[in-house]
Engineer: 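Right, I'll just put the structure down here and ask away after.
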Amino acid sequence: MEARDKQVLRSLRLELGAEVLVEGLVLQYLYQEGILTENHIQEINAQTTGLRKTMLLLDILPSRGPKAFDTFLDSLQEFPWVREKLKKAREEAMTDLPAGLEEKGRTGRRMGWGAGEEKGQKCQTVGTRT
């Protein structure tokens, strides 16, 4: 998962805990799509409250690969207002980049945001290590 998406989940953590019930379709969709394992499902379901279940899911998601955030968005079909809030926060995170990241530096290289992003979006400049 990209750092930007991790930051979005972190910044909306309490709101997600209050608004999303991960039991049911959310967990099953993430399992179906290979984001969560059977062990993850068991560990989440063993939590005693809905809030704890959601918080554990939010702890697990960042380590589940580059498709985890988009798949999580897809899993929120029962919570369209939450999905829209996450998409908006993601867009704002992209436009709030420091100005220097949009220009290609002398030792930097251009890098796209990743699979699933719209054509024409800005690229991030990433410095190379020597």
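As a basis for the values below, the full set of heavy atoms in this structure was taken, side chains included, without hydrogen atoms, waters or symmetry mates.
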Engineer: Do Gln7 and Arg10 pair up side chain to side chain, a donor and an acceptor below 3.5 Å, judged on atom types alone?
Structural biologist: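 Yes, Arg10 and Gln7 have a side-chain donor paired with an acceptor closer than 3.5 Å.
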Engineer: Rounded to the nearest 0.5 Å, how far apart are CZ of Phe69 and NZ of Lys6?
Structural biologist: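 Phe69 CZ to Lys6 NZ: 12.5 Å, rounded to 0.5 Å.
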Engineer: Atom CG of Leu27 and atom CD of Gln32: how far apart are they, to the nearest 0.5 Å?
Structural biologist: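 Taking CG in Leu27 and CD in Gln32, the distance rounds to 12.5 Å.
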Engineer: Salt bridge check: are Lys67 and Glu33 linked by an N-O gap of less than 4.0 Å?
Structural biologist: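 Result for this pair is no, no salt bridge flagged.
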Engineer: Look at the side-chain heavy atoms of Ile, Leu, Val, Met, Phe, Trp and Tyr, link any pair under 4.5 Å apart, and say whether Ile41 and Tyr29 land in one connected group.
Structural biologist: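 Ile41 and Tyr29: separate clusters.
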Engineer: Is any side-chain heavy atom of Leu61 closer than 4.5 Å to one of Asp5?
Structural biologist: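 Side chain of Asp5 against side chain of Leu61, heavy atoms only: no contact under 4.5 Å found.
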Engineer: Compare all side-chain heavy atoms of Leu86 with those of Leu9 and state whether any distance is below 4.5 angstrom.
Structural biologist: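 Side-chain contact under 4.5 Å: yes.
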Engineer: How many angstroms lie between CG in Leu16 and CZ in Phe79, if you round to the nearest 0.5 Å?
Structural biologist: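 Between atom CG of Leu16 and atom CZ of Phe79 there are 10.5 Å.
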Engineer: Look up atom OG in Ser75 and atom CG in Leu57, then write down how far apart they are to the nearest 0.5 Å.
Structural biologist: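 Answer for the OG-CG pair, Ser75 versus Leu57, is 7.5 Å.
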Engineer: Between CD1 of Ile60 and CE of Met55, what distance do you get to the nearest 0.5 Å?
Structural biologist: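 CE of Met55 is found 13.0 Å from CD1 of Ile60.
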Engineer: Do you know which two heavy atoms are closest between Arg90 and Leu73, and how far apart they sit?
Structural biologist: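 What the structure gives for the nearest pair is NH1-CD1, 4.2 Å.
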Engineer: Rounded to the nearest 0.5 Å, what separation is found between the CZ atom of Arg52 and the CD atom of Gln47?
Structural biologist: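 Here the interatomic distance stands at 7.0 Å.
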Engineer: Looking at every heavy atom in both Ala68 and Met1, which two are closest together, and how far apart are they?
Structural biologist: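 In this case the closest contact between Ala68 and Met1 is CB-CE, 3.7 Å.
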Engineer: Please report the closest heavy-atom contact between Val26 and Leu21, naming both atoms and the distance.
Structural biologist: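 In this case the closest contact between Val26 and Leu21 is CG2-O, 4.0 Å.
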Engineer: Before giving the answer on salt bridge (Lys or Arg N to Asp or Glu O under 4.0 Å), spell out for Arg13 and Asp59 the whole-Å C-alpha distance, their side-chain angles and the decisive distance to 0.1 Å.
Structural biologist: CA-CA 10 Å; Arg13 186 175 176 86; Asp59 290 340; 2.8 Å; yes
Engineer: Return the minimal non-hydrogen interatomic distance between Leu12 and Ala89, and the atom names on each side.
Structural biologist: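 Of all heavy-atom pairs spanning Leu12 and Ala89, the closest is CD1-CB, 3.9 Å.
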Engineer: Taking the side chain as C-beta and beyond, is there a heavy-atom pair between Leu25 and Gln77 under 4.5 Å?
Structural biologist: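 Result no, sub-4.5 Å side-chain heavy-atom pair not found.
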Engineer: Answer whether the closest heavy-atom distance between the side chains of Lys85 and Val82 falls below 4.5 Å.
Structural biologist: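 Not in contact.
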Engineer: Please say whether more than 12 non-hydrogen atoms of neighbouring residues, nucleotides or ligands are located less than 6.0 Å from CD in Gln42.
Structural biologist: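 Check passes, neighbour count above 12.
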Engineer: Does Phe72 form a side chain to side chain contact (heavy atoms under 4.5 Å, CB included) with Ile35? I'd like the steps, not just the answer.
Structural biologist: CA-CA 9 Å; Phe72 178 58; Ile35 301 300; over 6 Å; no
Engineer: Looking only at atom types and distance, does a side-chain atom of Ser11 sit under 3.5 Å from a main-chain N or O of Val8, one as donor and one as acceptor?
Structural biologist: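 Answer holds: yes.
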